[in-house]
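First listed ligand is number 1; within each ligand, the first listed atom is number 1. Just so it is clear, the values below take in all heavy atoms, side chains as well, and ignore hydrogens, waters and symmetry mates.
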Amino acid sequence: MIEPAESTYQVWYCKQCDQACKIHPPTVKPSCRCATPLPGLRPTTVTQMHTPQPKRLQALTDEEGRLRALARKGRRVRVTFEAEVAEAWISSSGSSGRRVQFIVTTPDGRRHVVDSGLPGLHIEAASDGEQE
Ligand SMILES: [Zn+2]
């Protein structure tokens with residue numbers, strides 16, 4: 001299945017810094033950083049062997065392992081996250097009565113609707129400092 005592939009390209013070396021300043025086809029970035037590169041007249045043909053690396057099994061990170069251990073149906077978990085209140089209002093619908101609804105913004109900028117009437121949900125002030 002895994003066969004080494006070969007690719008051939010032409011490289012023009014810069015006369016100022018001896019780094020590749022032009023590559024055709026442009027599969028690799030030129031390493032020349034000169035403001036005005038001075039490509040040599042004749043390109044050098046370079047053949048590169050690519051030996052695809054066998055895909056390694058990704059090591060489980062501690063965090064993923066921890067989450068996997070929790071990922072069982074029926075397991076009781078406490079979900080917490082900190083966010084900033086973007087909007088809040090009071091809704092009153094039918095038998096569920098009045099409750100405060102929030103739209104919060106998480107640090108990644110995404111907004112989430114939080115219904116304070118969700119059973120088991122607990123909303124509290126988060127400290128701004130580096131506590132915990
Ligand atoms: Zn250069």
Side-chain angles (χ1 to χ4, degrees):
M1 278 300 276
I2 298 169
E3 285 172 27
E6 241 182 51
S7 64
T8 303
Y9 49 93
Q10 296 190 304
V11 181
W12 284 260
Y13 289 100
C14 173
K15 285 187 202 167
Q16 289 180 110
C17 65
D18 280 337
Q19 299 291 312
C21 62
K22 189 179 161 192
I23 296 163
H24 183 84
T27 45
V28 191
K29 268 197 172 172
S31 46
C32 164
R33 292 277 168 270
C34 300
T36 49
L38 280 177
L41 290 177
R42 288 155 63 94
T44 305
T45 302
V46 175
T47 302
Q48 201 175 51
M49 300 279 287
H50 304 282
T51 309
Q53 294 201 327
K55 261 196 180 170
R56 254 191 282 164
L57 279 175
Q58 282 211 328
L60 210 64
T61 62
D62 288 352
E63 178 65 1
E64 191 182 341
R66 193 182 67 79
L67 290 174
R68 281 193 184 200
L70 294 174
R72 295 212 179 85
K73 208 171 169 177
R75 169 93 198 219
R76 292 184 65 82
V77 294
R78 178 179 296 128
V79 179
T80 59
F81 65 99
E82 287 193 13
E84 198 179 284
V85 176
E87 280 175 53
W89 69 96
I90 292 172
S91 76
S92 49
S93 56
S95 56
S96 52
R98 288 153 62 89
R99 55 205 206 196
V100 185
Q101 310 277 345
F102 292 89
I103 288 180
V104 298
T105 310
T106 40
D108 60 0
R110 284 195 283 181
R111 300 179 131 215
H112 310 265
V113 178
V114 178
D115 179 353
S116 69
L118 276 176
L121 184 79
H122 176 66
I123 300 173
E124 63 185 8
S127 57
D128 291 316
E130 283 183 4
Q131 286 180 8
E132 256 189 1

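- When every heavy atom of V114 is checked against every heavy atom of F81, the shortest pair comes out as CG2-CZ, 4.4 Å.
- Taking a cut-off of 2.8 Å, the protein N, O or S atoms nearer than that to the Zn ion (ligand 1) are C14 SG, C17 SG, C32 SG, C34 SG.
- Annotation: the span from R78 atom CZ to L70 atom CG amounts to 12.5 Å, rounded to 0.5 Å.
- Taking CD1 of I103 as the reference point, atom CG of D115 lies at 11.5 Å (rounded to 0.5 Å).
- Distance OG1/T44 to OH/Y9: 11.0 Å, rounded to 0.5 Å.
- At a cut-off of 3.5 Å, with distance as the only test, no side-chain donor of T105 or E84 sits close to an acceptor on the other residue.
- The heavy-atom pair separating S92 from R98 by the smallest distance is CB-CG, 3.6 Å.
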